[in-house]
Colleague: 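Before anything else, here's the structure in question.
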Number of protein chains: 2
Amino acid sequence: MCRMTVTLSDVAREAGVSLATASRAINGSSNRTVRPELRDKVLAAAHRLRYSPDANAQAMARGRTTALGLVVHDIADPYFSMIVSGVTAAAERAGLMVTLASTDRDPERELAFVDLMQRQRARAIIVAGGRTDDADANTTLADALAEYSSHGGGVAVVGQALLGVDTVTIENEASTSELATKLHGLGYRRFAILAGPQGHLTARARFNGFRDGLAALGVTIDDARVVHCAFTRDGGFEGMSELVSRGLISAGGAGPVDAVFAVNDVMAVGAMAAARAAGLSVPGDVGIAGFDDIITLRDITPSLTTIRLPLADIGALVTELALSPARAEPRIVPVDGEVIVRDSTPRRG
Amino acid sequence: MCRMTVTLSDVAREAGVSLATASRAINGSSNRTVRPELRDKVLAAAHRLRYSPDANAQAMARGRTTALGLVVHDIADPYFSMIVSGVTAAAERAGLMVTLASTDRDPERELAFVDLMQRQRARAIIVAGGRTDDADANTTLADALAEYSSHGGGVAVVGQALLGVDTVTIENEASTSELATKLHGLGYRRFAILAGPQGHLTARARFNGFRDGLAALGVTIDDARVVHCAFTRDGGFEGMSELVSRGLISAGGAGPVDAVFAVNDVMAVGAMAAARAAGLSVPGDVGIAGFDDIITLRDITPSLTTIRLPLADIGALVTELALSPARAEPRIVPVDGEVIVRDSTPRRG
DNA sequence: TTGTAGGCGTTATCAA
DNA sequence: TTGATAACGCCTACAA
């Protein structure tokens with residue numbers, strides 16, 4: 001039934017060769033030097049005994065592992081699951097296995113995972129997900145990553161470049177600025193913004209870019225039209241409800257606001273739901289735009305004006321960064337978003 | 001810069017104690033026996049030297065790891081990412097790290113991953129995702145899992161109970177049968193089905209359940225109204241387009257079909273898009289129902305009649321199964337779906 | 001309570 | 001080309 005584990009020694013004995021030879025035959029070590037005849041004998045023995053190499057022992061002997069650590073805020077969020085998809089694909093290509101942690105934005109859990117990967121001697125760690133402006137948390141994480149990195153581990157993050165490591169940054173400002181310009185070009189003039197949580201840097205960047213884009217066109221957004229809310233569907237719902245209850249949006253597009261920009265797609269969808277719940281029509285009474293171009297939401301009605309991010313590519317990219325030899329200076333790789341205008345913001349007569 | 005790795009020996013020397021004592025102090029081994037005074041000295045030394053235990057070495061010495069393998073078909077699919085979310089949460093509670101593979105439904109990659117986890121001596125392997133009727137692939141996978149299991153690894157799958165291991169099954173037939181009954185109760189009589197791929201067992205079960213539920217009410221579905229298509233959004237789109245082009249669905253609900261059941265939500269959404277693209281209205285011209293109750297799609301318009309699955313719970317459940325001591329007989333844990341009627345299938349006058 | 005020493009399964013060095 | 005044998009970093013009887 002459950003005989004002891006078969007080790008390489010067993011295989012060697014079975015094949016009538018030395019341990020060293022068996023090792024060489026099975027993994028074709030550096031100097032490919034083992035007579036085919038013996039090699040086959042070893043392989044046959046290994047197969048016969050159902051030998052399975054112990055990866056932990058190999059890792060120890062070789063001094064390197066085959067693990068890649070990946071931290072995301074929330075794996076159930078389509079934004080992250082798409083990035084993870086890109087990472088797993090790239091990792092598989094690189095012959096690595098990915099160890100995943102979904103930390104729910106908890107700095108302590110992020111830290112714990114970095115420590116865990118450090119102990120696992122993982123080859124690299126990837127951190128996905130925007131930071132907040134919690135300087136302590138960022139510093140602590142940066143320190144942990146630096147410590148890990150100083151022992152030869154690769155590190156890369158997607159988000160803001162403030163962890164002192166290779167980073168894939170999203171051109172949030174530029175993209176939202178462009179979105180603002182396009183919406184303006186479509187005839188929108190009176191904007192409100194569902195700006196996400198206060199300390200959320202990605203949310204902030206998207207908000208700033210949008211506001212600045214408008215400012216460049218001479219349009220300003222007063223504070224009463226900026227609602228801070230959770231970075232989630234429910235946050236969008238509540239934010240929009242707030243706008244409605246403030247009397248900013250009303251039927252016939254006659255309200256003080258003719259378009260709402262939500263700093264991500266799921267918020268935008270929540271906002272749409274809130275609008276409907278309030279008896280308002282989108283885009284009839286108000287236009288709505290989001291950010292991310294989440295695939296699952298591509299069939300929403302009306303189709304959502306948004307900014308497309310190549311999330312899977314970003315995952316692949318950050319993996320390459322994490323795996324490539326470290327530079328003295330951290331590399332920053334900016335990724336552009338593409339504004340996509342759809343039915344949720346038709347031309348405003 | 002990159003000094004050699006700090007080992008436990010270094011810590012022991014620095015603390016002026018033996019290796020054994022250092023080991024006991026740091027991990028508080030079985031018999032908690034180490035004078036507080038010494039313990040503190042060791043801990044201080046460890047901290048001073050920035051000691052990080054080598055998990056691989058520990059795994060080898062202890063003879064057990066802390067890894068949990070998880071295979072899904074496609075991590076970018078919200079169905080799976082939700083399950084993964086449940087698994088990662090449960091794994092964290094159990095003090096395990098999860099190693100993820102997204103296999104894109106490729107049997108060879110599934111196998112490769114099981115083998116990989118076998119070599120890693122992972123504590124357990126979880127396989128999420130319905131099987132196909134490819135007997136060879138199923139047998140091969142079952143064998144690999146059995147082999148793994150015979151070495152003491154835990155195994156559990158969510159899907160069909162044909163791998164000979166603990167399984168969380170979805171009550172596909174019962175749920176879809178109930179859905180059929182409810183739709184019938186709402187006045188629908190002339191159904192078409194977007195049935196998914198031919199060999200896909202989950203798709204088949206959902207189709208069968210729906211058909212049987214109708215049959216019990218004296219309603220039959222002839223083959224012309226069953227379209228096989230990919231288990232994806234695009235599959236749903238194409239399937240619906242096919243139905244339309246066959247002249248089965250037309251404006252005013254006057255066509256031969258008054259409701260379409262898609263075997264999952266993303267297909268249903270694709271079908272909605274196709275209906276719209278064909279100038280048809282949902283639910284005006286045709287009702288549509290799906291399966292899964294994907295959260296991200298909960299705000300789709302019209303809101304989708306579907307069957308809710310507690311996906312995160314399923315993830316937690318399958319994790320518990322995988323981690324609990326193996327039984328002689330595989331356990332089968334059925335999970336019910338809950339029919340949720342929404343706007344996409346209003347009462348039919 | 002602490003220390004000594006053997007072992008975990010491989011790889012790698014160095015002779016033969 | 002092959003084979004002893006020493007690491008690899010840690011845990012754990014067993015002995016002191």
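Letters A, B, ... are given to chains in the order of the sequence lines, protein chains preceding strands, and every chain is numbered from 1.
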Colleague: With a 3.5 Å cut-off and sequence neighbours excluded, list the donor-acceptor pairs that the side chains of residues 41-49 of chain A form with protein atoms.
Modeller:
from, atom 1, to, atom 2, distance (Å)
A:R48, NH1, A:E14, OE2, 2.2

Colleague: Considering all heavy atoms of both residues, which atom of B:L311 and which atom of B:M82 are nearest to each other, and what is their separation?
Modeller: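 Heavy atoms only, the tightest pair is CB-CG, 3.6 Å.
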Colleague: Closest nucleotide of DNA chain C for B:R35 versus for A:R64: which of these residues is on the 5' side?
Modeller: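 Per heavy-atom nearest nucleotide, the more 5' residue is B:R35.
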Colleague: With A:R109, which residues qualify under side-chain hydrogen bond (donor to acceptor under 3.5 Å, both in side chains), at least two apart?
Modeller: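 Checked A:R109 against side-chain hydrogen bond (donor to acceptor under 3.5 Å, both in side chains); matches are B:E92.
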Colleague: Which whole-number value in Å describes the distance from B:I26 CD1 to D:dT12 P?
Modeller: 14 Å
Colleague: If only side-chain N and O atoms count, and only distance matters, is there a donor-acceptor pair under 3.5 Å linking A:T167 with A:Q160?
Modeller: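 No - no donor-acceptor pair under 3.5 Å links their side chains.
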Colleague: Which letter, B, S or -, goes with each nucleotide of nucleotides 4-11 of chain C from 5' to 3', with contact meaning a protein heavy atom under 4.0 Å?
Modeller: B--BBBBB
Colleague: With sequence neighbours left out, what residues match A:R50 under side-chain hydrogen bond (donor to acceptor under 3.5 Å, both in side chains)?
Modeller: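 Listed in chain order: nothing, the list is empty.
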Colleague: Please name the pair of heavy atoms, one in B:A25 and one in B:V34, separated by the smallest distance, quoted to 0.1 Å.
Modeller: CA-CG1, 4.2 Å
Colleague: Which range-with-range stems can be found for DNA chain D when each stem has 3 or more Watson-Crick or G-U pairs in a row and both distances sit under 3.5 Å?
Modeller: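 Output for stems: C:1-16 with D:1-16.
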Colleague: According to ring pair (Phe, Tyr, Trp, His ring centres under 6.0 Å), does anything in residues 49-79 of chain B pair up with another residue at least two apart or in another chain? List the pairs.
Modeller: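 Qualifying pairs: B:H73-B:F80.
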Colleague: For A:R327, is there an ion pair with A:E329 - N to carboxylate O distance below 4.0 angstrom?
Modeller: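 No, A:E329 and A:R327 are not salt-bridged.
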Colleague: Between A:R119 (CZ) and D:dC11 (C1'), how many Å, whole number?
Modeller: 15 Å
Colleague: Can you check the B:R13 CZ to C:dG3 C1' distance for me, whole Å?
Modeller: 16 Å
Colleague: What is the distance, rounded to the nearest whole Å, between atom CZ of B:R39 and atom C1' of C:dT2?
Modeller: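 Interatomic distance, CZ of B:R39 to C1' of C:dT2: 16 Å.
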